[in-house]
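A short write-up of the structure that comes next.
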Amino acid sequence: MPDSETLSHENVIASPDNPSWGLLAAVGFWFLSVLLILLLPAFAVLPYAAINDVDTKNLSAFVEKDKMAVILNIAAIIPAHILTLVVSWFLVKRSRATGYFESFGWDFGSFRLWHGAVIIVGFFAFSMVVGTYFPEQDNQLLKILRSSREVTVLVAIIATFSAPLVEEIVYRGVLYSAARKSLGTTPAIALVTTLFTIVHVPQYLPSYSTILLLMVLSLILTLVRARTGRLLPCVILHFVFNGIQSLILVSQQFLPEPVAAVSSILRFGN
């Protein structure tokens with residue numbers, strides 16, 4: 001039977017804000033997650049490009065123009081997400097002190113339903129104001145979405161069901177927990193918000209208003225994590241944010257033009 005000191009030590013390790021992994025391991029894990037997102041889609045397209053006699057120097061242009069290349073490129077994000085989750089499991093379970101999800105705080109804690117409603121309504125109201133005065137500019141993601149309906153649906157599925165879980169575990173699960181323990185709450189919030197924004201910048205340039213909204217969203221989610229000490233509210237909020245955006249994107253592809261125009265107003269504010 002373990003003594004009281006051992007039990008106390010296990011309880012400390014089990015705390016989401018006092019993880020068993022360090023900041024260096026967390027940053028390394030974050031870097032690996034970015035590499036997987038960059039490399040797997042590129043490798044997924046290579047066999048198809050070879051079949052079509054496409055020179056590797058022209059691979060980027062080929063991916064932008066060929067429908068199947070775009071689908072392969074986007075679909076490869078799914079195994080990248082799966083591998084990221086697998087690596088996170090090994091990182092978190094090294095100590096074997098507590099369950100995987102429990103290590104992140106897999107409950108709502110002090111977070112309430114009305115908190116989420118206020119955050120969601122407030123963010124989308126802010127988005128519409130920003131979009132009204134600073135309309136979204138054409139960017140890499142929009143070009144990808146215009147390639148086909150199939151691509152739009154695939155992006156919507158990944159953005160809704162895969163990205164919220166994986167990104168929250170990477171940023172506000174593994175990275176934030178270690179940064180808070182090593183640097184303190186405020187530096188951890190700044191670090192996570194900055195890295196989350198920077199990683200998404202290439203796909204949204206030169207739409208700086210979209211990048212601003214993404215940074216605000218990251219800040220909101222990180223503040224929720226800091227305030228509640230729990231990751232689950234962040235995952236649910238991220239799921240709702242992305243789900244609403246994905247629903248609007250898909251509606252623009254399949255609904256009649258007047259209805260799609262209304263969806264565009266809701267999404268971009270212009």
Side-chain angles (χ1 to χ4, degrees), residues 30 34 37-38 41 60 63-64 70 73-74 77 116-149 151-160 162-164 166-168 170-172 175-176 189-226 234-253 255 257-270:
W30 165 78
V34 175
I37 290 294
L38 291 175
S60 296
V63 171
E64 290 180 2
V70 176
N73 187 263
I74 300 298
I77 294 175
V118 170
I119 290 172
I120 291 167
V121 172
F123 177 76
F124 278 105
F126 176 71
S127 299
M128 292 184 67
V129 172
V130 171
T132 299
Y133 292 98
F134 305 98
E136 183 177 39
Q137 303 298 308
D138 197 23
N139 53 66
Q140 186 63 30
L141 180 60
L142 292 181
K143 292 176 182 177
I144 291 173
L145 293 173
R146 287 197 298 266
S147 63
S148 69
R149 288 184 174 182
V151 168
T152 300
V153 172
L154 183 59
V155 169
I157 291 173
I158 294 174
T160 302
S162 172
V166 175
E167 290 184 344
E168 289 309 312
V170 171
Y171 289 91
R172 279 158 282 274
L175 187 58
Y176 174 83
I189 292 172
L191 176 65
V192 170
T193 300
T194 300
L195 290 181
F196 185 88
T197 304
I198 289 175
V199 164
H200 290 82
V201 163
Q203 69 190 83
Y204 290 112
L205 280 176
S207 184
Y208 295 104
S209 59
T210 307
I211 295 171
L212 170 64
L213 291 174
L214 188 71
M215 182 178 67
V216 171
L217 174 60
S218 179
L219 178 60
I220 290 171
L221 293 173
T222 311
L223 288 173
V224 169
R225 170 65 181 82
C234 304
V235 174
I236 299 300
L237 285 172
H238 202 152
F239 167 80
V240 173
F241 285 133
N242 283 18
I244 292 173
Q245 293 290 314
S246 296
L247 185 62
I248 293 172
L249 284 174
V250 173
S251 72
Q252 291 174 338
Q253 292 287 332
L255 293 179
E257 187 174 341
V259 181
V262 173
S263 297
S264 180
I265 292 173
L266 291 173
R267 180 169 185 262
F268 305 122
N270 64 351

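What you see is a predicted model, and the numbers here were worked out from it, not measured in a lab.
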With sequence neighbours left out, the residues meeting side-chain contact (heavy atoms from CB on, under 4.5 Å) with L217 are F123, L221, F241

Separation between SG (C234) and CG (L223), nearest 0.5 Å, reads 9.5 Å

Rounded to the nearest 0.5 Å, the OG atom of S162 sits from the CD atom of E167 at a distance of 8.5 Å

Residues passing the side-chain hydrogen bond (donor to acceptor under 3.5 Å, both in side chains) test with S246, sequence neighbours excluded, are T160

For T194, the side-chain contact (heavy atoms from CB on, under 4.5 Å) test, sequence neighbours excluded, returns I198

Between V235 and P164, the two heavy atoms sitting closest are O-CB, 4.1 Å

With sequence neighbours left out, the residues meeting side-chain hydrogen bond (donor to acceptor under 3.5 Å, both in side chains) with T197 are none

When rounded to the nearest 0.5 Å, the distance separating CD1 of I144 from CG of N139 is 9.0 Å

Scanning both residues in full, the closest heavy-atom pair of A159 with N242 reads O-ND2, 2.8 Å

Taken in chain and number order and not counting sequence neighbours, the residues that satisfy side-chain contact (heavy atoms from CB on, under 4.5 Å) with I157 are V153, F161

Rounded to the nearest 0.5 angstrom, the CE-OH distance for M215 and Y208 is 13.5 Å

- Check for a donor-acceptor pair, side chain of Q137 on one end and backbone N or O of P135 on the other, with a separation under 3.5 Å. yes

Nearest heavy-atom approach of M128 to T132 is O-OG1, 2.7 Å

Practice task
On the 0 to 90° scale, with breaks at 30° and 60°, tag the H200-F196 ring pair as parallel, tilted or perpendicular.
Solution key: tilted

**Report entry** Under 3.5 Å donor-acceptor, T152 side chain and L145 backbone
**Finding:** yes

Taken in chain and number order and not counting sequence neighbours, the residues that satisfy side-chain hydrogen bond (donor to acceptor under 3.5 Å, both in side chains) with S207 are T210

Looking only at heavy atoms, the pair that brings I37 and I77 closest together is CD1-CG2, 3.9 Å

When rounded to the nearest 0.5 Å, the distance separating CG of L212 from OH of Y204 is 13.0 Å

The salt bridge (Lys or Arg N to Asp or Glu O under 4.0 Å) partners of E168 (sequence neighbours excluded) come to R172

Minimal heavy-atom distance between T222 and I189, with the atoms involved, is CG2-CA, 3.7 Å

Distance col, row I220:CD1 vs L237:CG, nearest 0.5 angstrom, shows 9.0 Å

Review point. Got D138 and R146 here, is their nearest side-chain heavy-atom distance under 4.5 Å?
Key: yes

Contacts of R149 meeting salt bridge (Lys or Arg N to Asp or Glu O under 4.0 Å) (sequence neighbours excluded), chain-then-number -> none

Heavy-atom closest pair (Y171 atom, L175 atom, distance to 0.1 Å) is O-CB, 3.3 Å

Hits for ring-ring contact (aromatic ring centres under 6.0 Å, His included) against F239, two or more places apart or cross-chain, chain-then-number order -> none

side-chain contact (heavy atoms from CB on, under 4.5 Å) filter on L154, not counting sequence neighbours, yields I71, I74, A75, I158

